[in-house]
Amino acid sequence: MNYIFLVIGFFLLIKGADWFVSGASGIARLLRIPSVMIGLTVVAMGTSAPELSVSIAGALGGQSGISVGNVVGSNLFNLLCVGGISAMIRPIMIDGVLLKRDIPISLIAAVLFFISAANGYISRWEGTLFLILFTAFLGFMLKDAFHFRASSGPKSEMQEAIKPWKAVSFVLFGLLGVIWGGNLVVDSATAIALQFGLSESLIGLTIVALGTSLPEFVTSLVAAKKGENDIAMGNIIGSNIFNLGLVLGTAAVIRPMDVERAVTVDGIFLCIVTLVLLFFILRDKKLGRGRGTILFLLYLPYLLYIILRG
């Protein structure tokens with residue numbers, strides 16, 4: 001049954017992501033705002049729902065290692081695997097707003113995490129700082145959305161043809177499929193791994209961390225394949241800001257968290273990877289197949305490292 005659930009889970013993920021991206025791009029056209037803003041908000045928050053539930057559950061249960069590891073591991077997976085493979089499928093043109101504002105905010109959040117975690121402890125006031133950063137990010141988003149809408153003029157015929165109920169339905173049912181499919185894949189893959197005798201700690205570092213990023217992974221791949229580059233990259237960067245700002249901030253406010261020494265190494269790597277991404281796209285505002293391949297290949301030694309670290 002676990003193998004059947006695994007197949008069903010992947011089907012729900014792929015089909016749900018297809019609907020989700022179609023609905024999100026439809027909403028962007030209806031609201032007359034750039035697709036990248038939908039990717040940074042609606043899509044990013046929706047696909048980060050698994051990280052939110054896992055990290056808050058970990059905080060409530062006193063399992064700070066799950067909360068912190070899940071966020072950092074998911075962010076690295078988003079940048080290296082999701083971003084890398086999406087660019088390998090189709091080169092991604094980077095929106096100027098992402099380059100000037102959102103990727104730097106993501107870098108600031110990563111540096112703030114490293115500074116906070118360096119002493120092995122994230123306090124409630126540090127969690128509050130993460131929440132303030134996330135609130136500022138949302139404020140910038142809303143300001144830009146209203147400015148773009150005011151300057152975009154009246155609705156076009158294509159916008160008039162889009163049915164609001166249809167776009168919203170695609171988003172809701174697509175998100176349901178993505179989250180439900182992701183949960184099925186994580187649960188069934190974990191059960192299969194246990195059958196093969198893998199340890200629970202190794203499963204937590206790999207399957208659970210990667211599994212909670214499956215919604216971002218599949219959604220960005222589908223968006224890249226459909227040519228919705230703004231949604232693909234907006235989803236990746238928005239999810240990372242969401243994970244560090246809202247998810248980690250909320251978990252720390254609920255209960256201050258101890259941070260293992262090894263996780264600070266992950267924090268340094270996250271800062272480096274974000275800088276590498278910024279360097280890759282700084283010149284021509286594009287993430288091509290070659291650089292996408294480099295990002296993906298960077299994940300392989302890191303994965304080997306955390307497996308050996310156990």
Side-chain angles (χ1 to χ4, degrees), residues 34 36-56 58-59 64 67-79 82-83 94-147 212-213 216 233-259 263-264 266-278 281:
V36 67
M37 291 187 181
I38 292 295
L40 282 162
T41 52
V42 176
V43 176
M45 292 180 190
T47 56
S48 290
E51 285 92 340
L52 182 62
S53 60
V54 168
S55 293
I56 289 180
S64 58
S67 299
V68 178
N70 178 48
V71 166
V72 179
S74 294
N75 279 19
L76 283 167
F77 184 81
N78 286 344
L79 290 172
V82 181
I94 307 297
D95 186 274
V97 176
L98 274 174
L99 181 60
K100 295 177 182 177
R101 184 194 65 198
D102 302 314
I103 296 178
I105 287 177
S106 179
L107 178 60
I108 291 170
V111 171
L112 181 60
F113 167 77
F114 170 70
I115 294 172
S116 300
N119 63 352
Y121 184 77
I122 299 179
S123 64
R124 282 194 172 93
W125 76 265
E126 287 170 327
T128 303
L129 283 179
F130 283 112
L131 291 175
I132 290 172
L133 180 64
F134 181 72
T135 303
F137 165 70
L138 284 184
F140 288 134
M141 289 292 302
L142 288 173
K143 179 182 176 182
D144 284 353
F146 285 127
H147 176 74
T212 55
S213 291
E216 287 95 335
M233 187 53 72
N235 176 36
I236 294 165
I237 301 303
S239 293
N240 280 16
I241 296 172
F242 182 88
N243 287 343
L244 284 171
L246 184 62
V247 176
L248 192 65
T250 302
V253 168
I254 290 173
R255 178 173 293 185
M257 297 181 292
D258 294 320
V259 181
V263 177
T264 58
D266 301 327
I268 294 173
F269 190 50
L270 178 60
C271 294
I272 293 171
V273 167
T274 309
L275 275 172
V276 168
L277 175 66
L278 193 58
I281 64 178

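Side chains included, hydrogens not; waters and symmetry mates left out as well; all remaining heavy atoms used.
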Which residue, Asn243, Ile122, Leu112, forms the side-chain contact (heavy atoms from CB on, under 4.5 Å) with Leu248?
-> Ile122
Taken to the nearest 0.5 Å, the spacing of Asn78 CG from Ile237 CD1 works out to 8.5 Å
Results of ring-ring contact (aromatic ring centres under 6.0 Å, His included) for Phe114 - residues two or more places apart only | none
One should read off an interatomic distance between Ser106 OG and Leu277 CG, to the nearest 0.5 angstrom, of 8.5 Å
Is Thr135 reaching over with its side chain to a backbone N or O of Leu131, donor-acceptor style, under 3.5 angstrom?
-> yes
Roughly how far, to the nearest 0.5 Å, is the CG atom of Leu244 from the CZ atom of Phe137?
-> 12.0 Å
Rounded to the nearest 0.5 Å, what's the gap from CD1 on Ile103 to CG on Leu79? Could you check?
-> 8.5 Å
How about Leu99 and Leu278: do any of their side-chain heavy atoms sit closer than 4.5 Å?
-> yes
Exam field: side chain Arg124 to backbone Val253, donor-acceptor pair closer than 3.5 Å | yes
Tightest non-hydrogen contact, residues Ala252 and Ser123, listed as CB-O, 3.9 Å
What's the shortest heavy-atom distance between Gly267 and Val72, and which atoms?
-> N-CG1, 4.4 Å
d(Ile105 CD1, Arg101 CZ) to nearest 0.5 Å is 6.0 Å
Could you give the distance from CG (Leu76) to OG1 (Thr274), rounded to the nearest 0.5 Å?
-> 7.5 Å
Pairs touching residues 115-134 that satisfy ring-ring contact (aromatic ring centres under 6.0 Å, His included), sequence neighbours left out | Phe134-Phe242
Phe113 and Val263, any side-chain heavy atoms less than 4.5 Å apart | yes
